[in-house]
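The residues of the chain are indexed from 1 along the displayed sequence.
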Amino acid sequence: MNQISFDFGHGQNRRGGPDESHIGWHRLFFALCPPPIVEPQAASIAHDYGKAFSLSAKPRLTTLHVSVIGIGDYEALPEDVIFAACQAGATVEGAPIAVTFDRIMSFRREGKARPLVLCSEGGLMPLMRLHVQLGVGMHNTGLRHNIDRQFTPHMTLLYDRKAVPPTRLDQPVSWTAHEFLLIHSVLGNTEHHIIDRWPLLG
């Protein structure tokens with residue numbers, strides 16, 4: 001099984017988008033997904049900032065998510081890794097998570113299109129705790145834990161070569177997450193497949 005590891009957490013100099021040499025590979029990760037009501041607000045923000053900063057890329061609204069922790073990229077979809085990840089997900093105990101993103105900015109990626117993201121100036125400690133819990137669970141089921149001390153929760157709107165400086169949003173984007181998901185993404189395809197989901201009951 002061919003695998004490459006990646007940094008799925010912090011924003012600066014990150015490998016969030018697909019590496020051109022790995023188009024068609026399979027990415028597995030845990031995430032929160034916003035409810036449908038968030039999509040129009042995200043679309044409006046992407047449109048307004050895209051126009052203000054002359055961005056040419058279109059927003060990726062059908063795959064809006066907040067990455068909690070990455071598992072890995074694989075040339076072929078690994079059933080053993082999926083099984084271990086599901087075991088790790090089942091170990092988590094946590095309350096619903098209030099998500100609030102109050103600023104927008106472009107993350108830096110050398111020589112590549114930059115993710116335009118929504119994030120939080122004050123951080124989101126409940127998401128950090130979920131990140132660590134899943135990392136520990138992954139370690140206990142034989143997977144690489146991928147815990148990142150610089151984990152920065154964010155939601156990517158689009159990728160563009162031009163940058164948007166850190167800016168506070170006039171209206172924060174907020175919702176409460178009542179579950180987290182294990183997601184399979186084929187790199188280069190703008191689609192996500194939900195493998196499993198777990199409630200956050202408190």
Novice: For Pro172, is there any backbone N or O sitting under 3.5 Å from a side-chain donor or acceptor partner on Gln41?
Specialist: yes

Novice: Could you pull out the closest heavy-atom pair between Ala46 and Leu158, with the gap in Å?
Specialist: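 So the two residues come closest at CB-CD2, 4.4 Å.
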
Novice: At what distance, to the nearest 0.5 angstrom, does CE of Met155 lie from CZ of Arg60?
Specialist: 14.5 Å

Novice: Looking at CG of Leu169 and CD1 of Ile45, how far apart are the two atoms once the value is rounded to the nearest 0.5 Å?
Specialist: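 Rounded to the nearest 0.5 Å, the CG-CD1 separation comes to 5.0 Å.
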
Novice: Rounded to the nearest 0.5 Å, what separation is found between the CZ atom of Arg108 and the CZ atom of Arg114?
Specialist: 6.5 Å

Novice: Side-chain contact test, heavy atoms from C-beta onward, threshold under 4.5 Å: evaluate it for Lys112 versus Tyr159 and give yes or no.
Specialist: no

Novice: Trp175 vs Cys33, test: side chain to side chain contact (heavy atoms under 4.5 Å, CB included). Steps then yes/no.
Specialist: CA-CA 10 Å; Trp175 77 91; Cys33 289; over 6 Å; no

Novice: Between Phe30 and Ala85, what is the shortest heavy-atom contact and its length?
Specialist: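 Looking at all heavy atoms of both residues, the shortest contact is CZ-O, 3.3 Å.
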
Novice: Would you indicate whether the side-chain heavy atoms of His178 and Thr176 approach each other to under 4.5 Å?
Specialist: yes

Novice: At their closest point, which heavy atom of Ile69 faces which heavy atom of His145, and how far apart are they?
Specialist: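 Heavy-atom minimum between the residues: CD1-O, 3.0 Å.
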
Novice: Report yes if the side chains of Asp102 and Arg168 come closer than 4.5 Å at any heavy-atom pair, otherwise no.
Specialist: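 Heavy-atom side-chain distance check passes, below 4.5 Å.
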
Novice: With heavy-atom distances below 4.5 Å as the criterion, would you say the side chains of Leu28 and Leu77 are in contact?
Specialist: yes

Novice: Could you check whether any side-chain heavy atom of Leu64 comes within less than 4.5 Å of a side-chain heavy atom of Leu157, counting everything from C-beta outward?
Specialist: yes

Novice: Test side chain to side chain contact (heavy atoms under 4.5 Å, CB included) on Thr91 and Thr141 and set out the steps.
Specialist: CA-CA 10 Å; Thr91 66; Thr141 58; 5.7 Å; no

Novice: Are Thr152 and Val117 close enough that some pair of their side-chain heavy atoms sits under 4.5 Å apart?
Specialist: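 No, side chains not in contact.
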
Novice: Let's go through Thr63 and Ile183 carefully: what are the C-alpha distance in whole Å and the side-chain angles of both, what is the deciding distance for side chain to side chain contact (heavy atoms under 4.5 Å, CB included) to 0.1 Å, and is it a yes or a no?
Specialist: CA-CA 11 Å; Thr63 56; Ile183 292 178; over 6 Å; no

Novice: Kindly work out whether a path of hydrophobic side-chain contacts (I/L/V/M/F/W/Y, heavy atoms less than 4.5 Å apart) joins Tyr74 to Val186.
Specialist: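 The answer is no; the residues belong to distinct hydrophobic clusters.
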
Novice: Can the ring centres of His192 and Phe29 be said to be less than 6.0 Å apart?
Specialist: yes

Novice: Counting only heavy atoms not in His193 (residues, nucleotides, ligands), do more than 12 fall under 6.0 Å from its NE2?
Specialist: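 Yes, because the 6.0 Å sphere around NE2 of His193 holds more than 12 heavy atoms from other groups.
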
Novice: To the closest 0.5 Å, what do you measure between CG (Leu116) and CG (Leu55)?
Specialist: 6.5 Å

Novice: Does any part of the side chain of Pro153, heavy atoms only, come nearer than 4.5 Å to the side chain of Leu32, both counted from C-beta?
Specialist: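 Result no, sub-4.5 Å side-chain heavy-atom pair not found.
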
Novice: Counting N and O atoms only, with roles assigned by atom type, does the side chain of Asp160 sit under 3.5 Å from a partner on the main chain of Lys162, one being a donor and the other an acceptor?
Specialist: yes

Novice: State, to 0.1 Å, how close Ser120 and Phe101 come at their nearest heavy-atom pair, and which atoms those are.
Specialist: N-CD2, 3.9 Å

Novice: Between Glu75 and His26, which heavy-atom pair has the shortest distance, and what is it?
Specialist: O-CD2, 3.5 Å

Novice: Are Leu182 and Ile71 packed together at the side-chain level, in the sense that at least one heavy-atom pair is separated by less than 4.5 angstrom?
Specialist: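 They are in side-chain contact.
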
Novice: Among Val66, Asp196, Val92, find the residue that satisfies the side chain to side chain contact (heavy atoms under 4.5 Å, CB included) test when tested with Phe180.
Specialist: Val92

Novice: Could you pull out the closest heavy-atom pair between Pro165 and Phe53, with the gap in Å?
Specialist: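 Here Pro165 and Phe53 meet closest at CD-CE2, 3.4 Å.
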
Novice: If you measure from OG on Ser44 to CD on Gln171, what distance do you get to the nearest 0.5 Å?
Specialist: 10.5 Å

Novice: I need the Asp148 CG to His131 NE2 distance, nearest 0.5 Å.
Specialist: 5.5 Å

